[in-house]
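Data block below; observations after.
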Protein chains: 2
Amino acid sequence: MGVAERRQREREERRVVILDAAERVFLSKGVAVATMEEIAQQAEVSKGALYLYFKSKDELYLSIVTRSLRELVVRLERAAAAPGSGLERYRRLLHTHAGFALEEPDRFRVGIGWLNTNYSVTDDSPLFGEYRGLLERTLALSVAAIEQGKQDGSVVTSLDSLELATQIGAALFGLMVIQANRLEVDRRVRHGLQWERLIGSFVDLVSGAIAQPGRARTA
Amino acid sequence: MGVAERRQREREERRVVILDAAERVFLSKGVAVATMEEIAQQAEVSKGALYLYFKSKDELYLSIVTRSLRELVVRLERAAAAPGSGLERYRRLLHTHAGFALEEPDRFRVGIGWLNTNYSVTDDSPLFGEYRGLLERTLALSVAAIEQGKQDGSVVTSLDSLELATQIGAALFGLMVIQANRLEVDRRVRHGLQWERLIGSFVDLVSGAIAQPGRARTA
DNA sequence: TCAGTTGCTGACCGGCGGTCAGCGTCCGAC
DNA sequence: GTCGGACGCTGACCGCCGGTCAGCAACTGA
């Protein structure tokens, strides 16, 4: 029985070696420019061997993104668990999410690599199911914080929680995209922005917009 | 002298034929999947002939995007010129921009194709200069409307106009990205959104946030 | 030791953006 | 009308890339 287990363990270890190599190459070159040949070299296997472990470049990509998302959700769960009003929790979620994206812009850019591409990810794969579940979890945490805010009186009740969470999530996404691509933005638009203030003061703006008037709140 | 002019005219006409063909293919397939071979077929020339008119696929891309941007700026200029308070003008700009993006989502997706890619666009080409100027113009129109709002009392004065225009611009961008890619979003996150309300009610949210209290405003 | 299983390699495939020698057509001078 | 040079275009070719798989080496258990 020992041989089968060892082999299984070795396969898993090799798989992780390949994932780590792919992540390094994706992060440094970008997904589109990264080549399977270079990933293979970094992993110290042949290019053909990559396909013994992963069906395609796309599956490699999705595996790496899912790994990052797991880490993000852990952080968001932790942020959501800390005490405070619903509004405070929501603000903390926004800051945590933005912090995660921008502490390593390359990772974030890899994560949104599906934009404008035609990666054919199969809906029915367990991996895609996990990926999707993680994304949904991030949205659910925001909705829950907003709902709590409605109950404790820190958030206005007139707006739909899901719609709000989606709008502000998408808005924050736009800001993260812009900031993660600041070099390209700087090449396209001359501006005098203080990048380090951008997201913080935007979170202030929107939390001001959804705060219940007359409630003491941390601004 | 007549022969040189005719030839120049024919070259220009052929150039436009190629641009139109490329636009059709980019719109239907996406930039990455579109092939020069297919563009050549649509334009009824050989693939090699494309390179007599455009240096690369990237230049073809940038030419098409710049064409769209010209149209967008015309619309924004018109929206900015209509009467109203600064806040009303700004709202109209936001709605016009979103309307342009979403009336043809394919066109918008092509326009943001630079995200996460390594298109090596030369900073010094006249084409890039024009493209950049157009982008800057869209930002400048927003800043001007906000400034007008500060002067006529419809917008709060406590926030920096450029920062605000950039934040809300980026936020709107995020919403447009999400909505233009709604099929991919639907595959990733189960939600009960009413897509047609999403941007309109977001514009209401942010304009409420920046409106000067106590001023009658169109909500 | 040996047959069967497992794991891996690298040559190969077709698709793609880009290149350019070679050819056909046009044009103006004679 | 003829001819040489200029111009415009073509399509075969190139190297790069993701993906494939026949063939080989190493491992395993009887």
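Lettering follows sequence order; numbering is per chain, from 1.
- Using modelled atom types, one finds a donor on one side chain and an acceptor on the other under 3.5 Å when comparing A:Y131 with B:R188.
- As judged by a 4.0 angstrom heavy-atom cut-off over every strand, B:A40 is placed among residues making no nucleic acid contact.
- As rounded to whole Å, 20 Å separates atom C1' of D:dG19 from atom OH of A:Y61.
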Mind listing the N/O atom pairs, protein and nucleotides 25-27 of chain D, below 3.5 Å?
none

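- Two residues are said to be in side-chain contact when any heavy atoms from C-beta on lie closer than 4.5 Å; A:R15 and A:S63 meet this criterion.
- Within the 3.5 Å criterion, the main-chain N or O of A:W195 finds a donor-acceptor partner in the side chain of A:Q179.
- As a whole-Å value, the separation of A:D58 CG from D:dG18 C1' is 10 Å.
- Between the CD atom of B:E10 and the P atom of C:dC27 there is a distance of 8 Å, given to the nearest Å.
- A:Y61 contributes no side-chain N or O that, together with a main-chain N or O of A:A22, makes up a donor-acceptor pair within less than 3.5 Å.
- An OP1 or OP2 oxygen of C:dT19 is reached within less than 4.0 angstrom by no side-chain nitrogen or oxygen of B:Y51.
- Comparing the axis of the opening five pairs of the helix from C:dT1-D:dA30 to C:dC30-D:dG1 with that of the closing five pairs yields an angle of 20°, rounded to 10°.
- Computed from coordinates, the B:K55 NZ to C:dT19 C1' distance equals 15 Å when rounded to whole Å.
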Given salt bridge (charged side-chain N to carboxylate O under 4.0 Å, His left out), test A:E71 with A:R107 step by step and report yes or no. CA-CA 12 Å; A:E71 171 63 24; A:R107 183 180 60 188; over 6 Å; no
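- Between the B:T138 side chain and the B:L135 main chain, a donor and an acceptor come within less than 3.5 Å of each other.
- A donor-acceptor pair is defined here as one N or O able to donate and one able to accept, closer than 3.5 Å; no such pair exists between the side chain of A:E163 and the backbone of B:L193.
- Atom CD of A:E37 is separated from atom P of D:dG18 by 9 Å (rounded to the nearest Å).
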Interface polar pairs with nucleotides 9-11 of chain D, N/O, under 3.5 angstrom:
| unit_1 | atom_1 | unit_2 | atom_2 | d |
| --- | --- | --- | --- | --- |
| D:dC9 | OP1 | B:R14 | NH1 | 2.4 |
| D:dC9 | OP2 | B:Y53 | OH | 2.9 |
| D:dT10 | OP2 | B:S46 | N | 2.7 |
| D:dT10 | OP2 | B:S46 | OG | 2.6 |

Give the C-alpha distance, both sets of side-chain angles, the deciding distance and a yes or no for salt bridge (charged side-chain N to carboxylate O under 4.0 Å, His left out) between A:R67 and A:D20. CA-CA 11 Å; A:R67 232 172 35 164; A:D20 290 343; 3.0 Å; yes
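- Here the side chain of B:R92 pairs a donor or acceptor atom with the backbone of B:A79 at under 3.5 angstrom.
- In this structure, B:K29 contributes its side chain and B:T35 its backbone to no donor-acceptor pair below 3.5 Å.
- Side-chain N or O atoms of B:Q148 include one that pairs as donor or acceptor with a backbone N or O of B:G84 at under 3.5 Å.
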